[in-house]
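Remarks on the structure that follows.
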Number of protein chains: 2
Amino acid sequence: MDQRQKSELTKQSIINESFKLFYENGFKTTSVDTIMKATNLTKGAFYHHFKNKKELGLAVIGLKLQKRVYESMVAPLYGPEPPIEILSSIFYKRLKAFNLYEKQHGCPANNFINEIGDYETVYQTALKRIVEEWKSALVYVLDRGKTEGQIKQDICSKSVAVYLISSFEGVRGLRKLYDNDLILDEYISGLSLYIENLKV
Amino acid sequence: MDQRQKSELTKQSIINESFKLFYENGFKTTSVDTIMKATNLTKGAFYHHFKNKKELGLAVIGLKLQKRVYESMVAPLYGPEPPIEILSSIFYKRLKAFNLYEKQHGCPANNFINEIGDYETVYQTALKRIVEEWKSALVYVLDRGKTEGQIKQDICSKSVAVYLISSFEGVRGLRKLYDNDLILDEYISGLSLYIENLKV
DNA sequence: AAAAAAACATACTACATAGTATTTAATTTT
DNA sequence: AAAATTAAATACTATGTAGTATGTTTTTTT
């Protein structure tokens, strides 16, 4: 392996460990020292690859968070199945697929949003991008549902998209408070009712 | 004013300033020094009134956060108006009543939930109390709606309650990312649809 | 193989942090 | 009024923090 590849690997390693630590303990409260301890590297390596902690934060948001949300919640919305099926399965499946660790610590993106969404404009912009991408995909599938006559014409796709995202992120925070899945099951039941009412 | 009253005032002053600073900058990232600077008091005063920062955190949650949620979102649910009216007005009114500062920084309770809901059990328990109180009130008004024949019999009150809370807290986080109210308006529209579908 | 550059390590600075120890001032009790 | 108690101030410790300065090693270029 040449130098460039190895260097890229260490950079990715820093980003990966950061994502994990930010997820477990928060962005602001995770120190560069802690991160570098986790990577078995030193501060020299960190500041060789990143200008400062902010640059790392933006890298984690733009690479890890965005990718995570895209792969799990966005991409499936562009699938060929009937819109209502896609909607009801994607949220349901996703929630059911979370392991205990993911239930306890909530949504990585939502954690960032709540911690530093009001902190600095650069973070705001980077996080907004994730939400907008998700929203667009939801609007796409909802509009398709209307076109294909499966979803009521008079509903506002954007509003439904926002409502779906809000409730999903909201419950991922609430779940942190409990040591069982009751709240998630209740959420799913509440969501089902909502989606049911979108049908013509 | 006697000593006890004055002492209680300084304690409340510490709690109030803490609430404000926690809200703006987060719990873990607001230092005791910063708080005492804001109160124009010193560290001696702080550690006279509180054993440690954790005790302060619990005081802020149990007194300020709980009270805030109760007064704005819980108490009105026990009013005499028709359930559907209460539901659609309370969420709508609350969102419309927020000033810019409150929109930018999200929900104080939700911020705590997302920051330290997975941090230590004592915080978990204290925050859970707030959510459960809110949920109970929603279930109460939903059940009343069923009894009074205004709300569909076959919906699960708990599920709807959880879904309502989730979406509300979710959008309060999302709003942080934007510099206008579009997302709130879309949320309200999405919520209206949801509530509309609860009617018989 | 020598020179240059890149990738990292080590050692440091300046400041922030939670909490403690001790002192001073004000108030209440006797 | 003296003694005791409470409220708060001051001074401190030990550790954590972001970031810098400089050194060393490895790889690439010449």
Side-chain angles (χ1 to χ4, degrees), chain A residues 1-61 112 115-116 119-123 126, chain B residues 1-61 112 115-116 119-123 126:
Chain A
M1 209 190 313
D2 71 351
Q3 200 182 29
R4 269 174 54 201
Q5 282 174 302
K6 246 182 70 181
S7 176
E8 184 57 29
L9 274 186
T10 57
K11 187 170 182 179
Q12 289 305 320
S13 158
I14 294 172
I15 292 177
N16 287 336
E17 290 297 334
S18 299
F19 168 78
K20 195 177 143 195
L21 289 165
F22 292 163
Y23 181 41
E24 292 170 15
N25 312 314
F27 171 64
K28 289 199 236 170
T29 40
T30 299
S31 72
V32 174
D33 283 321
T34 305
I35 295 166
M36 296 322 284
K37 216 170 193 173
T39 58
N40 288 316
L41 294 165
T42 61
K43 242 169 183 183
F46 181 86
Y47 284 97
H48 176 74
H49 288 283
F50 299 95
K51 209 181 98 202
N52 48 36
K53 201 186 163 185
K54 186 193 287 191
E55 199 175 279
L56 169 67
L58 291 173
V60 169
I61 295 172
F112 263 82
E115 185 185 352
I116 56 170
Y119 186 46
E120 285 191 37
T121 332
V122 276
Y123 297 123
Chain B
M1 208 191 313
D2 71 351
Q3 199 182 30
R4 268 174 54 200
Q5 283 174 302
K6 247 183 66 180
S7 175
E8 183 58 28
L9 274 185
T10 57
K11 186 170 182 178
Q12 289 304 321
S13 157
I14 293 173
I15 292 176
N16 287 336
E17 289 297 334
S18 299
F19 168 79
K20 195 177 142 194
L21 289 165
F22 291 163
Y23 181 41
E24 293 170 14
N25 311 313
F27 171 64
K28 289 198 236 170
T29 40
T30 300
S31 72
V32 175
D33 282 322
T34 304
I35 295 167
M36 297 322 285
K37 217 170 192 172
T39 59
N40 288 317
L41 293 165
T42 61
K43 241 169 184 183
F46 181 86
Y47 284 98
H48 177 72
H49 288 284
F50 300 93
K51 209 181 99 202
N52 47 37
K53 200 186 163 185
K54 186 193 286 191
E55 200 176 279
L56 169 68
L58 291 173
V60 169
I61 295 172
F112 263 82
E115 185 185 354
I116 56 170
Y119 186 45
E120 286 190 37
T121 332
V122 278
Y123 297 123

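All figures in this text were calculated on a predicted structure; none of them were measured in a lab.
- Counting only distance, with no hydrogens or angles, the side chain of A/Lys53 and the backbone of A/Thr30 share a donor-acceptor pair below 3.5 Å.
- Side chain of B/Ser7 to main chain of B/Gln3: no donor-acceptor pair is present (N/O by atom type, distance under 3.5 Å, no hydrogens or angles).
- If one axis is set at each end of the helix from C/dA1-D/dT30 to C/dT30-D/dA1 from five pairs, those axes are 0° apart, to 10°.
- B/Ser13 places no side-chain N or O within donor-acceptor distance of the main-chain N or O of B/Leu9, the cut-off being under 3.5 Å.
- Among the nucleotides D/dG19, D/dA8, C/dC8, the one closest to the side chain of A/His49 is C/dC8.
- Rounded to whole Å, atom C1' of C/dA18 lies 9 Å from atom CG of B/Asn52.
- Residue A/Tyr47 qualifies as enclosed at atom OH: its count of foreign heavy atoms under 6.0 Å is above 12.
- Considering CZ of A/Phe19 and CG of A/Leu21, their distance stands at 10.5 Å, rounded to 0.5 Å.
- In plain terms, the two heavy atoms of B/Phe112 and B/Val60 that are nearest each other are CZ-CG1, 4.2 Å.
- Counting only heavy atoms from C-beta on, A/Gln3 has its side chain closest to C/dA7 among C/dA7, D/dT6, C/dA9.
- Atom pair A/Gln5:CD and C/dC8:P shows a separation of 13 Å (rounding to whole Å applied).
- Near DNA chain D, meaning a heavy atom under 4.0 Å away, the residues from residues 28-42 of chain B are B/Leu41, B/Thr42.
- Among D/dG19, C/dA6, C/dT20, the nucleotide with an atom closest to any side-chain atom of B/Tyr47 is C/dT20.
- For A/Asp2 and D/dT29, the CG to P distance is 9 Å, given to the nearest whole Å.
- More than 12 heavy-atom neighbours from other residues, nucleotides or ligands sit within 6.0 angstrom of NZ on A/Lys28.
- Under the 4.5 Å side-chain criterion, counting only non-hydrogen atoms from C-beta, B/Phe50 is not in contact with B/Val32.
- In this structure, B/Ile35 and B/Leu56 have side chains that are in contact, with non-hydrogen atoms separated by less than 4.5 Å.
- OP1 or OP2 of C/dC8 has not a single side-chain nitrogen or oxygen of A/His48 nearer than 4.0 Å.
- In this structure the side chain of A/Met36 reaches within 4.5 angstrom of the side chain of A/Thr39, judged on heavy atoms.
- Classification of the B/Phe22-B/Phe27 ring pair by plane angle, with boundaries at 30° and 60°, yields perpendicular.
- Position along DNA chain C of the nearest nucleotide to B/Arg4 versus B/Lys43 favours B/Lys43 as the more 5'-ward residue.
- Interface residues of residues 6-14 of chain B facing DNA chain D, ordered by number: B/Ser7, B/Thr10; criterion, heavy-atom separation under 4.0 Å.
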